[in-house]
2 protein chains.
Amino acid sequence: MQGWLEIKAEVSRRINVREWPPGSLLPAETALANEFGCARATVNRALRELAEAGLLVRRRRAGTVVAEHPVRKASFDIPVIRLEVEQAGRRYAHRVLHRLHETPPASVRTLFGLVATARAIKLDTLHLADDMPYAWETRWINTKAVPDARQQDFEAVSANEWLVRNAPFSGGRYTVGARLAGAELSAALNCGSGEPLVVVERNTVDLDGLGITQVQLVYAPGHLLRGGI
Amino acid sequence: MQGWLEIKAEVSRRINVREWPPGSLLPAETALANEFGCARATVNRALRELAEAGLLVRRRRAGTVVAEHPVRKASFDIPVIRLEVEQAGRRYAHRVLHRLHETPPASVRTLFGLVATARAIKLDTLHLADDMPYAWETRWINTKAVPDARQQDFEAVSANEWLVRNAPFSGGRYTVGARLAGAELSAALNCGSGEPLVVVERNTVDLDGLGITQVQLVYAPGHLLRGGI
DNA sequence: GCTCACTATATGTATAGACATATAACTTAT
DNA sequence: ATAAGTTATATGTCTATACATATAGTGAGC
C-alpha cells in the first residue's frame, strides 16, 4: 500500500463495506499515513479526491466524515457538435438559416448586460449528420463581449466552434428539458409535429461575468444525452 | 504570485487572451515554477486541475499543450430526490404503487448478470412535492447484489435513499431523453396526455461491475435539470 | 448561565529534493 | 533506408518538513 490511488480505493472500500458507515469520523490524516506507511500528503491527495467526488466531507479541526447523503456528481462532456457527430462515425455539416441583428428578449439582455434598445446577433443553425437533421440551434451572441463576431458569417466554421476558440470563457450554466416539435421544428428536423424533443439551453460568461452567448439546442427525435457518474 | 489557485487563474487567463493559443506548448513546470517563484509541485497542482477541466493536454516528455477543442465537463448533482425537493422549500412524500418480484427485461438481466428465468424486484414509485406529482420512478433492484432489499417495502424510506445508504456502489451511467406522457403517466403525473416529459435513466454497478439497480425517472411537465460547467 | 477570548488540533497548502515512468529524439546496426 | 536500441527530458508521484487557517473545545470573567 503506497500510492494515492490504492489508498483512495481502500478508503472507498471501507466506506462501501460499512467499516466506516455514513456519518462516522475517519482517523486523522496522520493516523492513516501511519497505518498505510506513507506520507500525509499521499493520504491527503486520496481523501481530497474522495471529498470532491462527494463521498467524504472534510472540515478543518473537525476532521473527515463519511457523507450521510453522498451527492454524486454526474457529468457529461460538451464537445463541439462537429466532433460529437464525427466521433459517432458520421459526416458533419451545418447550415446557417438566419443571421439577424436584433433586440434580444429580456432574459438574454440581462445576461448580456444590455439596455432595452441594444441589439445582438441572432443565429439559427441546423446541424446535420450524414445529411440528416441532427440538432436545431438558436443562438444569441453578445457583440459587446465578442466584437469580432460581427465580421463572421459562421458558414465555414460554426458559431459553436468559433466561439470556443475565440471568446474568453470562464463558466456557464445549462438546463435540460423537453418540448414538443412545432411547425417550424418538425419541418427543420424532418419529424412529425408533436414529437417529444430534448432541449438543452446553455449560457456562457466571460471572466467578468458578462454573458458571451446563449444557445438553445433542440435535438432530433430519439436523441439521448449520455453521461457517467 | 504564490498559491496554486492564483497560478491556475493566471495560466487560464493567458490561454483566454491567446497569449498561449490553442495547440501551443507551455513552458515546462520547472520554467513556470521559476517564473512564478514557487515550487514545481505548486505549478503541477495548477496545471493538473486545468488538464482535468479539459483546457490542457499533458503528456510525459511531450509537455503541456493548450487543448485544440476544449471538452467542457458539464456536471450536475444527483441528490436523493427527497433532498432535491426539500432544498426547493417543498414538502416531500412518496408512494410505492407497485412492488413486484418478476423477470426483468433482457437489458436489465444483462446488467444484473441474471439468467433468463431469474427474477428481481420491480418498484413503481410516485414522488410528490407539496402533494403534487413530482416524478414517476420505475426501478429494478438486483436481489443477487443486494439481498437485504427483499426485507424492505420502501414505504418509510424510498428505494432511492435506502440504496444510497445500503448498497456498495462504485459507478454508473445515465441517459437523458424526452418522451410523451401516455395514459398511465398522464394519470400519475396529473398532466395532459401527449405532454413532453424529461426522462432520466440511470444504472449503478458495484465494485465488481455487477448491476445493483436500474431506475427510470420521468419528471412532471416543465421540469428542468440544472447544471453548471 | 452566558459571552468572549484563547488554545489545541485537523486539514490546507507550500517547499526542496528524490525517484518513477512514459516517450520524443537520437544513435546504432542491419 | 529501416528497424532496434538508447538516452534525455517533462510529467507523475512520493517524502519530510513547515507554516497557514479554520474551528471545536476549553476556560476565564461577568
Chemist: With a 6.0 Å cut-off (strictly less than), is the heavy-atom count around CZ of A:R173, excluding the residue itself, greater than 12?
Modeler: no
Chemist: Just call it for A:R45: base, sugar-phosphate, or nothing, with non-hydrogen atoms closer than 4.0 Å on any strand.
Modeler: sugar-phosphate
Chemist: Whole angstroms only, please: what is the CD-P distance between B:E49 and D:dT11?
Modeler: 17 Å
Chemist: Hey, does B:A41 reach any base, or is it just sugar-phosphate, or nothing, if we go heavy atoms under 4.0 Å?
Modeler: base
Chemist: Which whole-number value in Å describes the distance from A:K8 NZ to D:dT13 P?
Modeler: 11 Å
Chemist: Do A:E84 and A:Y134 have side-chain N/O donor and acceptor atoms under 3.5 Å apart?
Modeler: yes
Chemist: Examine the side chains of A:T64 and A:R58 and answer whether a donor and an acceptor come within less than 3.5 Å of each other.
Modeler: yes
Chemist: Does a salt bridge link A:R13 with A:E6, judged by any charged N lying under 4.0 Å from a carboxylate O?
Modeler: no
Chemist: Would you mind reading off the distance between A:R48 atom CZ and D:dC14 atom P, rounded to a whole angstrom?
Modeler: 12 Å
Chemist: Are side-chain N/O atoms of B:T125 and B:R139 paired as donor and acceptor at under 3.5 Å?
Modeler: no
Chemist: Could you state the CG-P distance from B:L26 to D:dT11, rounded to the nearest angstrom?
Modeler: 9 Å
Chemist: Taking 4.0 angstrom as the limit, do B:R14 and B:E35 come out as a salt bridge?
Modeler: yes
Chemist: Return whichever of B:A28 or A:T42 has its heavy-atom-nearest nucleotide of DNA chain D closer to the 5' end.
Modeler: B:A28
Chemist: Quick one: A:N44 CG to D:dT17 P, roughly how many Å, whole number?
Modeler: 17 Å
Chemist: Classify B:T64 by what it touches in the nucleic acid, base, sugar-phosphate, or nothing, heavy-atom distance under 4.0 Å.
Modeler: sugar-phosphate
Chemist: With a 3.5 Å cut-off and sequence neighbours excluded, list the donor-acceptor pairs that the side chains of residues 144-153 of chain A form with protein atoms.
Modeler:
from: A:K144; atom 1: NZ; to: A:G113; atom 2: O; distance (Å): 2.6
from: A:D153; atom 1: OD1; to: A:E155; atom 2: N; distance (Å): 3.1

Chemist: Just the endpoints, please: which first and last nucleotides of DNA chain C, 5' to 3', lie under 4.0 Å from a heavy atom of chain B?
Modeler: C:dT13 to C:dA25
Chemist: Starting from P on D:dA18, measure out to CZ on A:R40 and report it in whole angstrom.
Modeler: 13 Å
Chemist: Considering non-hydrogen atoms only, spot the tightest contact between B:C38 and B:I7 and give its length.
Modeler: SG-CD1, 3.5 Å
Chemist: Taking atom CD of A:E19 as the centre, does the number of heavy atoms from other residues, nucleotides or ligands within less than 6.0 Å exceed 12?
Modeler: yes
Chemist: How would you summarise protein contacts on nucleotides 3-9 of chain D per nucleotide, using B for base, S for sugar-phosphate only and - for none, with heavy-atom distances below 4.0 Å?
Modeler: -----BB
Chemist: What is the distance, to the nearest angstrom, from the CG atom on A:N34 to the C1' atom on D:dT15?
Modeler: 15 Å
